Peer 1: 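Let me begin by handing over the structure; questions about it come next.
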Amino acid sequence: MSAPQVGVHESRTDAYLALLVNNSSSDNNISTSSRTVREVSYQDWGRSANFTRAQGAERLDYRLFVSDDETEHPTAHIVAQIGTDGTEGVPGFVHGGLTSTLADTAMGNLAWHAGYKAFTANLNVDFRAPLSPPACVVVDAKIEKTEGRKVYLSADVFEVQEMQDGTLARSNDVVAEATSLFIVMDKAKETAVTTPDTAPQNGASTPRVTNDDIRDHTSTCVASVRETLFSPGWSTIEKDYLKTVWAST
Ligand SMILES: CCCCCCCC/C=C\CCCCCCCC(=O)SCCNC(=O)CCNC(=O)[C@H](O)C(C)(C)COP(=O)(O)OP(=O)(O)OC[C@H]1O[C@@H](n2cnc3c(N)ncnc32)[C@H](O)[C@@H]1OP(=O)(O)O
């Protein structure tokens, strides 16, 4: 596999914002779009956040954003920091289920925020490149089409890397590509499902996120990744172990 190519942005703020949108330009995969996204605060997710937050920030921490664009299909974006504690499948590599969960979460929340009270009926994930923890990833989710109660979505997962000059860029190589079919719940069964306790009404209590917020979170994400990378950690030991295993087969 060839080394991931990364694009570099001269403007730091643009680069952070570009991590959250997915309009590829011809020469690299960094967007210059000024699309506005707003953060869906963790408190506003209600109980639906319990599963993915159960691991704690040292294992998995992420923030969810939805586009604030009423003229076209909304999009959702996750910036996630994947730690080294309990995130592996094959030792040294992020568990595919974790990557899948991030994609499902981005698509599911996008569906709900677009007004579809829907469940995942089908989820397909193509894992295109291995991911080693600690890692920082961006997930871009969009609605492909809707047919009656069926909502078809897709999500791409990219790794975020820090360039030598300190700028951030997403890798051109996609880590995983997911597609899904969500089914809007049957009206008759709807009453059986309680909406999240603290779900915002029409997004009213959802705060707008600024570029500074995005930068701060992404900085924390990358700083944490850097810290773990440069300290002799469990992950490094496991990778060495894996090399030994491979060498002996
Ligand atoms: C301002 C707004 C604020 C909002 C605040 C938001 C707060 C956040 C809130 C929420 C965020 C959520 C984020 C979470 C993300 C993760 C999501 C999950 O984890 S979801 C849990 C896992 N999934 C399940 O548990 C489903 C289990 N399956 C079922 O319950 C049923 O199978 C269901 C509901 C999916 C469908 O059952 P039926 O009885 O309602 O419908 P039938 O008649 O079977 O299907 C309807 C049509 O769909 C097709 N279909 C159904 N399943 C299919 C499949 N797997 N593949 C292909 N087609 C399928 C069928 O063939 C049928 O098509 P034909 O109408 O005949 O053309």
Side-chain angles (χ1 to χ4, degrees), residues 7 9 13-26 28-42 44-45 48-49 52 62-80 99-120 122-126 128 136-147 150-160 168-184 199-200 202-204 206-211 213-215 217-218 221:
H9 241 262
T13 307
D14 278 358
Y16 287 120
L17 183 60
L19 297 173
L20 295 174
V21 291
N22 193 24
N23 290 336
S24 306
S25 62
S26 54
N28 59 39
N29 212 21
I30 298 290
S31 167
T32 55
S33 161
S34 59
R35 179 170 224 182
T36 311
V37 291
R38 63 188 164 86
E39 180 169 16
V40 183
S41 86
Y42 170 38
D44 288 341
W45 299 7
S48 75
T52 48
Y62 65 97
R63 281 167 67 179
L64 171 72
F65 302 86
V66 292
S67 64
D68 205 8
D69 189 340
E70 290 168 10
T71 60
E72 52 184 299
H73 273 317
T75 54
H77 310 271
I78 280 177
V79 179
T99 313
S100 308
T101 298
L102 288 174
D104 190 24
T105 301
M107 292 186 286
N109 277 280
L110 173 57
W112 280 70
H113 276 272
Y116 302 105
K117 295 179 179 177
F119 289 85
T120 321
N122 176 265
L123 177 67
N124 304 297
V125 184
D126 290 327
R128 298 294 187 193
C136 183
V137 299
V138 170
V139 184
D140 298 319
K142 63 181 175 186
I143 296 174
E144 296 289 348
K145 62 174 179 173
T146 61
E147 284 171 7
K150 298 174 188 169
V151 186
Y152 295 88
L153 300 105
S154 68
D156 292 332
V157 183
F158 295 92
E159 189 165 10
V160 176
L168 299 174
R170 65 172 79 196
S171 165
N172 274 340
D173 294 337
V174 71
V175 169
E177 296 170 309
T179 56
S180 67
L181 167 64
F182 277 68
I183 305 286
V184 175
N202 301 321
T206 306
R208 241 171 203 287
V209 68
T210 65
N211 284 351
D213 293 333
I214 296 168
R215 184 197 59 219
H217 178 71
T218 317
C221 176

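Note that the structure is a prediction, hence the values are computed from the model and not measured. Side-chain atoms are counted along with the backbone in the values below, which use heavy atoms only and exclude waters and symmetry mates.
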Peer 1: Ignoring hydrogens and geometry beyond distance, is a side-chain donor-acceptor pair present between N122 and N124 at under 3.5 Å?
Peer 2: yes

Peer 1: Taking the side chain as every heavy atom from C-beta outward, state whether T120 and L123 have any pair of such atoms under 4.5 Å apart.
Peer 2: yes

Peer 1: Atom CG of L181 and atom CD of E144: how far apart are they, to the nearest 0.5 Å?
Peer 2: 12.5 Å

Peer 1: When rounded to the nearest 0.5 angstrom, what distance separates CG in D156 from CZ in R128?
Peer 2: 10.0 Å

Peer 1: Less than 4.5 Å apart, side chain to side chain, heavy atoms only: is that true for V139 and F158?
Peer 2: no

Peer 1: Quick check: closest heavy atoms across V174 and A176, and the distance to 0.1 Å?
Peer 2: CG2-O, 3.3 Å

Peer 1: Contact between L153 and L110 at the side-chain level, heavy atoms closer than 4.5 Å - yes or no?
Peer 2: yes

Peer 1: Of all heavy-atom pairs between A114 and P74, which one has the smallest distance, and what is that distance?
Peer 2: CB-CG, 4.0 Å

Peer 1: Report yes if some heavy atom in the side chain of E177 is under 4.5 Å from a heavy atom in the side chain of S154; otherwise report no.
Peer 2: no

Peer 1: Once rounded to the nearest 0.5 Å, what's the spacing between atom NE2 of H113 and atom OG1 of T75?
Peer 2: 12.5 Å

Peer 1: Tell me, do T105 and Y62 make a side-chain contact under 4.5 Å, heavy atoms counted?
Peer 2: yes

Peer 1: In the structure I gave you, are the side-chain heavy atoms of V151 and I143 within less than 4.5 Å of one another anywhere?
Peer 2: yes

Peer 1: Could you check whether any side-chain heavy atom of F182 comes within less than 4.5 Å of a side-chain heavy atom of K150, counting everything from C-beta outward?
Peer 2: no

